[in-house]
A.B. asks: 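One structure follows; several queries about it will come next.
Given the structure is predicted, the values throughout are model-derived calculations rather than measurements.
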Amino acid sequence: MLFYLFRYLHEHFHLPGAGVFQYTTFRAGLAVVISLLIAQTFGHRLIRLLQRKQVGESIRDLGLQGQNEKKGTPTMGGLIILLAILVPVLLLARLRNIYIILMLVSTVWLGLIGFLDDYIKVFRKNKEGLSGRFKVLGQVGLGITVGWVLFYSNEITVREYLLPNGQFSTIEATKVFKDVHLMITTVPFMKNNELNYGDLFASAGTFFNGLYGFLYIPIVIFLITAISNGANLTDGLDGLAAGTSAIIGITLAIFAFVSGNALLADYLDVMFIPDSGELVIFCTAFVGACIGFLWYNSYPAQVFMGDTGSLALGGIITVLALIVRKELLIPILCGVFIIENLSVIVQVSYFKYTRRKYGEGRRLLRMSPLHHHYQKLGYHESKIVSRFWIVGIMLAVITLVTLKLR
């Protein structure tokens with residue numbers, strides 16, 4: 001909103017300084033400031049409101065160190081994160097941008113699913129919360145929506161540059177170019193690193209050329225479901241999910257800035273995605289929201305984000321990666337979320353297998369998800385969180401290195 005207001009003032013009244021709102025970097029920096037201020041101002045008031053309403057976390061006795069101290073801590077703090085993301089983006093971003101619209105829809109969509117889950121747990125006193133079937137249905141619905149828009153919308157384009165021999169390339173910049181709708185993605189660690197999803201069906205004949213959406217959309221559904229659930233599982237220690245998400249958000253902000261800048265994209269030899277630079281504002285608001293929430297969620301936590309925040313964080317990260325065509329980097333960038341997911345899958349599968357084979361279930365880990373395993377080993381909660389953050393930073397650096405390491 002402010003973007004359009006100041007553009008109008010700049011174009012019609014030549015208001016001094018109004019033109020600065022046309023710069024993505026200025027608005028991105030301002031988005032961080034506003035996001036942090038909202039988290040600080042609104043967060044304290046929300047916590048007091050939740051305490052008055054007795055919206056406290058019910059704790060199952062799992063025999064973990066310091067577990068009983070968390071009983072009664074307010075939950076549904078993910079509302080702080082959602083507000084600190086949405087307000088700066090609505091104020092500062094170009095709201096007609098297809099990518100911003102897609103991110104706003106994704107944030108609200110998964111935020112509502114998580115809110116319903118928390119509401120049922122807290123106010124209906126049902127510890128199971130929203131049925132897992134309905135959660136997955138909501139995630140699948142978002143996956144279909146995002147996949148359909150990315151696959152079929154003509155506003156989703158990449159830039160191709162005309163080479164001297166008359167052929168087109170997505171990476172070598174000349175003055176002659178065209179923006180085309182292509183479903184291509186980046187393959188990490190390869191020199192010619194663009195993969196066209198359509199090529200996967202090319203050998204099957206012309207009949208299958210238009211059907212590769214049936215491959216792409218399920219990939220989108222799988223990624224959104226897996227990473228949002230992974231973020232949900234990671235939200236088991238104070239500050240773990242919020243801190244890890246902030247690290248990932250910074251990485252995606254860099255990718256969005258590079259992909260949305262023609263000169264940088266050409267210099268780094270990556271595909272230029274027109275209008276994607278606007279996502280930097282969303283990314284910086286996202287990072288500011290996570291860091292602002294950490295003020296209250298760091299050990300010992302004054303509030304938990306609940307599913308309201310954790311499901312939204314995972315979904316936001318996934319959709320951002322899909323938009324900047326870096327979905328194949330998700331296994332590296334979101335490695336913490338994925339290993340938390342896998343630790344649960346492996347633990348449950350091994351338990352069922354040994355129960356069938358030996359008559360009693362056995363465990364590979366002392367407890368899953370993985371962070372609880374380290375708690376059982378006697379590590380302090382803050383040490384586990386710090387080391388997971390360090391791993392997240394290392395994975396983020398490896399992800400960024402793929403820009404040049406091919």
A.B. asks: Within the 4.5 Å heavy-atom criterion, are Lys135 and Asn232 side-chain neighbours or not?
C.D. replies: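 Of all side-chain heavy-atom pairs linking Asn232 with Lys135, at least one is under 4.5 Å.
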A.B. asks: Please name all residues satisfying salt bridge (Lys or Arg N to Asp or Glu O under 4.0 Å) with Glu278, sequence neighbours left out, ordered by chain then number.
C.D. replies: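 In terms of salt bridge (Lys or Arg N to Asp or Glu O under 4.0 Å), with neighbours along the sequence ignored, Glu278 is linked to Arg27, Arg94.
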A.B. asks: Quick one: pull up CE in Met271 and OG1 in Thr185 and give me the separation to the nearest 0.5 Å.
C.D. replies: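 Separation between the atoms: 6.0 Å.
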A.B. asks: Side chains of Val32 and Ile291, heavy atoms from C-beta outward: is any pair under 4.5 Å?
C.D. replies: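 When only atoms from C-beta onward are counted, Ile291 and Val32 do not touch, as no gap falls below 4.5 Å.
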A.B. asks: What pairs of residues pass the side chain to side chain donor-acceptor pair (under 3.5 Å) test when at least one of them lies in residues 244-265, not counting sequence neighbours?
C.D. replies: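 Listed once each, the pairs would be none.
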A.B. asks: Where is the tightest heavy-atom contact between Ala84 and Ala289, given as atom of each residue plus distance?
C.D. replies: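 Heavy atoms of Ala84 and Ala289 come nearest at CB-CB, 3.6 Å.
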A.B. asks: Taking atom CG of Leu237 and atom OH of Tyr299, what is their separation to the nearest 0.5 Å?
C.D. replies: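 The distance works out to 10.5 Å.
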A.B. asks: Within a radius of less than 6.0 Å around CZ of Phe21, do more than 12 heavy atoms belonging to other residues, nucleotides or ligands occur?
C.D. replies: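 For Phe21, atom CZ is crowded (more than 12 foreign heavy atoms under 6.0 Å).
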A.B. asks: For Lys404, look at atom NZ and say whether over 12 heavy atoms of other residues, nucleotides or ligands are found less than 6.0 Å away.
C.D. replies: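 Yes, the 6.0 Å shell around NZ holds more than 12 heavy atoms from other groups.
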A.B. asks: Given the rule in the side chain to side chain contact (heavy atoms under 4.5 Å, CB included) test, do Met394 and Trp389 qualify, once you have shown the distances and angles that lead to the verdict?
C.D. replies: CA-CA 9 Å; Met394 293 168 61; Trp389 286 355; over 6 Å; no
A.B. asks: Measuring from atom CZ of Phe134 to atom CG of Leu137, what distance do you get when rounded to the nearest 0.5 angstrom?
C.D. replies: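 Result: 7.5 Å between the selected atoms.
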A.B. asks: Ignoring hydrogens, what is the shortest heavy-atom contact between Pro188 and Leu328? Give both atom names and the distance.
C.D. replies: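 Pro188 and Leu328 have their closest heavy atoms at CD-CB, 4.0 Å.
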A.B. asks: Heavy atoms only: give me the nearest Thr225-Ile221 pair and the separation to one decimal.
C.D. replies: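 So the minimum-distance heavy-atom pair works out to OG1-O, 2.8 Å.
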A.B. asks: Do you see a donor-acceptor pair shorter than 3.5 Å between the side chains of Asn229 and Gln139?
C.D. replies: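 Yes, Gln139 and Asn229 have a side-chain donor paired with an acceptor closer than 3.5 Å.
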A.B. asks: To the nearest 0.5 Å, what is the distance between SG (Cys334) and CD1 (Ile317)?
C.D. replies: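 CD1 of Ile317 is found 5.5 Å from SG of Cys334.
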A.B. asks: What are the two closest non-hydrogen atoms of Gln302 and Ile47, and how far apart are they?
C.D. replies: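 Nearest heavy atoms, Gln302 then Ile47: O-CG2, 4.1 Å.
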A.B. asks: Could you measure the distance from the CZ atom of Phe337 to the CD1 atom of Ile330? Nearest 0.5 Å is fine.
C.D. replies: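 Those atoms lie 11.0 Å apart.
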A.B. asks: Any cation-pi pair here, Arg159 with Phe272, using under 6.0 Å and within 45°?
C.D. replies: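 Because its charged atom misses either the 6.0 Å distance or the 45° angle limit, Arg159 does not stack over Phe272.
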A.B. asks: Does the pair Trp295 and Gln40 meet the rule for a side chain to side chain contact (heavy atoms under 4.5 Å, CB included), with working shown?
C.D. replies: CA-CA 8 Å; Trp295 183 269; Gln40 289 296 300; 3.2 Å; yes
A.B. asks: Should Ser106 and Val146 count as side-chain neighbours, where that means a heavy-atom distance under 4.5 Å?
C.D. replies: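 Yes; the side chains approach each other to less than 4.5 Å.
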A.B. asks: Kindly indicate whether the side chain of Leu252, heavy atoms from C-beta on, has any atom under 4.5 Å from the side chain of Leu333.
C.D. replies: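 Touching, per the 4.5 Å side-chain cut-off.
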A.B. asks: Strictly distance-based, threshold 3.5 Å: is any side-chain N or O of Asn341 a donor or acceptor partner for the main-chain N or O of Ala226?
C.D. replies: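 Yes; judged by distance alone, with no hydrogens or angles, the pair exists.
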A.B. asks: I'd like to know whether CZ of Phe222 has more than 12 heavy-atom contacts from other residues, nucleotides or ligands below 6.0 angstrom.
C.D. replies: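 No, CZ of Phe222 has 12 or fewer neighbouring heavy atoms, counting only those of other groups under 6.0 Å.
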A.B. asks: Apply the test side chain to side chain contact (heavy atoms under 4.5 Å, CB included) to residues Asp235 and Leu240: give CA-CA distance (whole Å), side-chain angles for both, the deciding distance (0.1 Å), then the verdict.
C.D. replies: CA-CA 6 Å; Asp235 183 35; Leu240 180 55; over 6 Å; no
A.B. asks: Any non-hydrogen side-chain atom of Tyr99 less than 4.5 Å from a side-chain atom of Ile273?
C.D. replies: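 Touching, per the 4.5 Å side-chain cut-off.
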A.B. asks: According to the interplanar angle, ranging from 0 to 90°, do the rings of His44 and Tyr296 count as parallel (below 30°), tilted (30 to 60°) or perpendicular (above 60°)?
C.D. replies: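 Taking Tyr296 first and then His44, their aromatic rings lie parallel (interplane angle under 30°).
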A.B. asks: To the nearest 0.5 Å, what is the distance between CG on Leu313 and CG on Asp307?
C.D. replies: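 Output value for this atom pair is 11.0 Å.
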A.B. asks: Which heavy-atom pair separates Ile34 from Pro88 by the least distance, and what is that distance?
C.D. replies: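 So the minimum-distance heavy-atom pair works out to CG2-CG, 3.8 Å.
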A.B. asks: Does the His181 side chain pair with the main chain of Phe151, one donor and one acceptor, at a distance under 3.5 Å?
C.D. replies: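 At least one qualifying donor-acceptor pair exists.
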A.B. asks: Would you find a donor on one side and an acceptor on the other, under 3.5 Å apart, between the side chain of Gln347 and the backbone of Leu365?
C.D. replies: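 Yes; judged by distance alone, with no hydrogens or angles, the pair exists.
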A.B. asks: Within the side chain of Ser35, is there an N or O that forms a donor-acceptor pair under 3.5 Å with the backbone of Ala285?
C.D. replies: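 Answer holds: yes.
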A.B. asks: Quick one: does any side-chain atom of Asp118 pair with a main-chain N or O of Thr308 as donor and acceptor, under 3.5 Å?
C.D. replies: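 Yes, Asp118 side chain to Thr308 backbone: donor-acceptor pair under 3.5 Å.
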A.B. asks: Suppose we screen for ring pair (Phe, Tyr, Trp, His ring centres under 6.0 Å). Which residues come up paired with Tyr119, at least two apart in sequence or across chains?
C.D. replies: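 By the ring pair (Phe, Tyr, Trp, His ring centres under 6.0 Å) rule, Tyr119 matches Phe123.
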A.B. asks: Thr284 side chain to Ile281 main-chain N or O, any donor-acceptor pair under 3.5 Å?
C.D. replies: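 It does hold such a pair.
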A.B. asks: Keeping the roles fixed (side chain from Ser386, backbone from Lys383), state whether a donor-acceptor pair exists under 3.5 Å.
C.D. replies: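 Pair absent, no side-chain N/O of Ser386 close to backbone of Lys383.
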A.B. asks: Is a side-chain donor or acceptor of Lys376 paired with a backbone partner of Tyr374 at a separation under 3.5 angstrom?
C.D. replies: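 Between the backbone of Tyr374 and the side chain of Lys376 there is no qualifying donor-acceptor contact (under 3.5 Å).
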A.B. asks: When you look at Asp238 and Val385, which way does the side chain to side chain contact (heavy atoms under 4.5 Å, CB included) test go after all the steps?
C.D. replies: CA-CA 8 Å; Asp238 297 348; Val385 171; 5.7 Å; no
A.B. asks: If every non-hydrogen atom of Ala231 is compared with every non-hydrogen atom of Ala241, which pair is closest and at what distance?
C.D. replies: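 Nearest pair, atom of Ala231 first, then Ala241: O-CB, 4.1 Å.
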A.B. asks: Less than 4.5 Å apart, any side-chain heavy atom of Leu86 and any of Leu104?
C.D. replies: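 They are in side-chain contact.
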A.B. asks: Output yes when a side-chain donor or acceptor of Ser368 lies under 3.5 Å from a complementary backbone atom of Leu370, and no otherwise.
C.D. replies: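 The answer is no, because no donor-acceptor pair under 3.5 Å joins these two groups.
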A.B. asks: Does Phe26 CZ have over 12 foreign heavy atoms under 6.0 Å away?
C.D. replies: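 Above 12, so yes.
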A.B. asks: Is any side-chain heavy atom of Leu279 closer than 4.5 Å to a side-chain heavy atom of Phe257?
C.D. replies: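 Heavy-atom side-chain distance check fails, nothing below 4.5 Å.
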A.B. asks: Are the side chain of Asn196 and the backbone N or O of Ile184 linked by a donor-acceptor pair below 3.5 Å?
C.D. replies: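 Side chain of Asn196 to backbone of Ile184, a donor-acceptor pair under 3.5 Å: no, none is there.
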A.B. asks: Side chains of Gln375 and Glu381, heavy atoms from C-beta outward: is any pair under 4.5 Å?
C.D. replies: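 Side chain of Gln375 against side chain of Glu381, heavy atoms only: contact under 4.5 Å found.
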A.B. asks: Is Arg362 positioned over the aromatic face of Tyr358, cation under 6.0 angstrom from the ring centre and no more than 45 degrees off axis?
C.D. replies: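 Yes, Arg362 and Tyr358 form such a contact.
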